[in-house]
Number of protein chains: 2
Amino acid sequence: MGEATIRDVARRAEVSVASVSRALNGLNNVRGETRERILAAAAELGYVPHAGARSLSLARAHAIGVVLPDLHGEFFSECVRGMDREASRRGYLLLLSNMHDDSEQAAVALRAMRGRVDGLLVMAPHIPPESLERALPAALPAVLINAPGDFASRPSLRLDNRAGARAMVEHLLAGGYRHLVHIAGPEGNVDAQERARGFRDALAELAPDMPVRIIAGDFNEEAGEAAARQILASDQPCDAIFAANDMMAIGCLHALRQAGKRVPEDFAVAGFDDVPLARYLALTTIQVRIAEIGARAVSRLVDMLEGKGPGAPVELHQPELIARATTAARPGVANG
Amino acid sequence: MGEATIRDVARRAEVSVASVSRALNGLNNVRGETRERILAAAAELGYVPHAGARSLSLARAHAIGVVLPDLHGEFFSECVRGMDREASRRGYLLLLSNMHDDSEQAAVALRAMRGRVDGLLVMAPHIPPESLERALPAALPAVLINAPGDFASRPSLRLDNRAGARAMVEHLLAGGYRHLVHIAGPEGNVDAQERARGFRDALAELAPDMPVRIIAGDFNEEAGEAAARQILASDQPCDAIFAANDMMAIGCLHALRQAGKRVPEDFAVAGFDDVPLARYLALTTIQVRIAEIGARAVSRLVDMLEGKGPGAPVELHQPELIARATTAARPGVANG
DNA sequence: AAAGGTTATGTAACCGGTTACGGTTACTTG
DNA sequence: CAAGTAACCGTAACCGGTTACATAACCTTT
């Protein structure tokens, strides 16, 4: 009924389980003829080793746990794809668990990983550092991705959101735009916070006399549309809109066009993330190579697991500005 | 150093491991005071049960293995998202393994699942049924998604590609288009085959005197562009192009517009899948609710695992036609 | 007070692998 | 030919849980 075990193979090959284990794991202290007999028996029985038992015995699961929040489409898939690529390259499987926003559920998800994985990859831009640290099994190596705060205790990867926002501000100013508005992301989200901060700081430094105007948003397309309407209805001057992510920028684009405005002549529009759609809509944005970050996270974790040391505690990934038509320079502006 | 084990908890609470196990699993045959002592000890030690050991002992891992091919972005994430939603609802974790195209590697990926999962979800539109069956551990329940051929031995979910293609042909004919061309997907891919077959059959039935014209493609945007160029260069009449997926349809759209053609006036264009981009480009397409299929697959597998019977051996999911601007009816055609 | 029943707890086997350790056997070597 | 060595192989302990079964403690009941 059940699958064949190593003892079945041993019985059939008329050797001990130890020899079967040795033969199947390629140890060299098995006589050629014996090895043949064992391999034959294993093949005849269709024997497949029981990975669970193996990892219990070895204290090594060759699997890494991935705990992600509810990301929207692109992000999720790209991140997991990058992780999977690297993981399979290095011989690990991925155990996935979506963590819903609740911090309590997150703890449960993390605990469920104990004893099935060798390490953890955690992306939790919305969980406060202390409760995250409390929820992490202490002895399990972990790499944090885009964690809020400076996590001294765990190595982490971070996207340099501030640098990205700053690059965008520079780009818009260089293009001759003089009245910038930022549409922010959800309040609790670190990425959103850092992008807004980057916008604010860059403006303070590069154009100190320009008023800093930030409209609240939530990363959804509708928020972008609402922001556009608000801008159109307002009497404050505005000639460039920088949304904290692409979806809001896209909503914004739609609303502006619907209102008969031209982009970039009347308003420049820019986003953040470089989702596939951005290219089709010629939207200027900041490219976030999330797959690369995922792969890098796996790579660092595996290095830790294999004793190659944790490396830099915080690794900052630089995003790249992709200039497209929605922020073309104003006529008469000499561009650098 | 290592994490606390159940024996550590037992020692600290001055009881046997059996009692600890009982107390932590909520069995009712533990005296109240003893239970308190055990819970306290566990909390003090930060004890987290070792899921690997637990599942070895119970012969139940509460995890399900997911083996997917290299899908492109949208598809992958949507599918996994649907699976994850349902899996976490029913108390299972997902163990992910991307299967690369190689059939040999697929077998390895499947074997690696033995002993860590209770069942398997396999999506392998490119692996021949026999080698798949050979690679699947016999005693492991599995649900196949979009498997080629009729798999008598395993329950499976299938997208009704033929019905989708047929609906599209009907839609185009009703719109007044008279010269349909299909851009096919990769040869070995079942979905692509069935879509082409649906196109062919529908045409044979609904417009028997119309020549069936199919151009080879590979699901990539470039193939769509190439097909468009081929159509433009050819002297055979064509007024509607139905690509086997959205990405090719999009490539096609670009190439046509670049050549100065209007859509849908000169050519109608339609795709298959309804990727998010399709809505923005107003591309008519067949909506595939892949997340739903993923969720359903999990649900069926869990039903099997919990002894609720496998249900229908093959479950066919009906896709829905989404009519948009790229296939607007020709003027003068009474529609509906 | 002894017999019988109930309930709480402990002991040890088991899940399916790996491996330290010790025993055989065959081969060198003086 | 005896002793030493290397190569091969088997026994049993172990990884960290669960649980059948045995035992002990406590109540009833007559």
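Throughout, protein chains are lettered first and strands after them, A, B, ... in sequence-line order, and every chain is numbered starting at 1.
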* **Under 4.0 angstrom between A:Thr34 side-chain N/O and D:dC9 OP1 or OP2** => yes
* To do: Classify the nucleic acid contact of A:Leu56 as base, sugar-phosphate or nothing, counting any heavy atom under 4.0 Å across all strands shown.
  => base
* Mind checking B:Ala18 for me? I need base, sugar-phosphate or nothing, with any heavy atom below 4.0 Å counting as a touch. => base
* **Closest to side chain of A:Ala53, choosing from C:dT9, C:dG17, D:dG10** => C:dG17
* Asked: Of all the choices, D:dG17, D:dG10, D:dT11, which nucleotide is nearest to the side chain of A:Val15 once you look at every atom?
  -> D:dG10
* **Per A:Ser57 side chain, nearest of listed nucleotides D:dT18, C:dT9, C:dG17** => C:dG17
* With sugar-phosphate meaning primed atoms plus P, OP1 and OP2, does A:Ser21 contact a base, only sugar-phosphate, or nothing at under 4.0 Å between heavy atoms? -> base
* Round to the nearest Å and state the distance from A:Arg7 atom CZ to C:dG17 atom C1'. => 7 Å
* Asked: With a 4.0 Å cut-off, would you call A:Arg154 and A:Glu133 a salt bridge?
  -> yes
* For atom CZ of A:Arg54 and atom C1' of D:dG16, their distance in whole Å -> 18 Å
* Asked: Should B:Glu14 and B:Arg37 count as an ion pair when the cut-off is N to O under 4.0 Å?
  -> no
* To do: Could you state the atom-to-atom distance from CZ of A:Arg114 to C1' of D:dC15 in whole Å?
  => 11 Å
* OP1, OP2 of C:dT18 versus side-chain N and O of A:Asn25: anything below 4.0 Å? -> yes
* Asked: Donor-acceptor pair under 3.5 Å: do we get one between B:Thr5's side chain and the base of D:dG16?
  -> no
* Asked: Salt bridge check: are A:Arg158 and A:Glu194 linked by an N-O gap of less than 4.0 Å?
  -> yes
* 5'-most by nearest nucleotide on DNA chain D - A:Leu58 or A:Asn28 -> A:Asn28
* Closest to the B:Ser16 side chain: D:dG17, C:dG10, C:dG17? -> C:dG10
* Asked: Rounding to a whole Å, what distance do you find between A:Leu24:CG and C:dG16:P?
  -> 16 Å
* Please report, rounded to the nearest Å, how far the C1' atom of D:dA7 is from the CG atom of A:Leu27. => 14 Å
* To do: May I have the distance from A:Ile6 (atom CD1) to D:dG10 (atom C1'), rounded to whole angstrom?
  => 13 Å
* Salt-bridged, B:Arg11 to B:Asp8, with N to O below 4.0 Å? -> yes
* Most 5' of B:Arg35 and A:His50 on DNA chain C, judged by nearest nucleotide -> B:Arg35
* Closer than 4.0 Å, any side-chain N/O of B:Arg31 to the OP1 or OP2 of C:dT9? -> yes
* Round to the nearest Å and state the distance from B:Ile38 atom CD1 to C:dG10 atom C1'. => 12 Å
* Return the value, rounded to whole Å, for the distance between atom NE2 of A:His62 and atom P of C:dT18. => 11 Å
* Residues A:Asp303 and A:Arg90 bridged, charged N to O under 4.0 Å -> yes
* Asked: For B:Arg54 and B:Asn25, does a side-chain donor sit closer than 3.5 Å to a side-chain acceptor?
  -> yes
* Any donor-acceptor N/O pair under 3.5 Å between D:dG10 base and A:Arg22 side chain -> yes
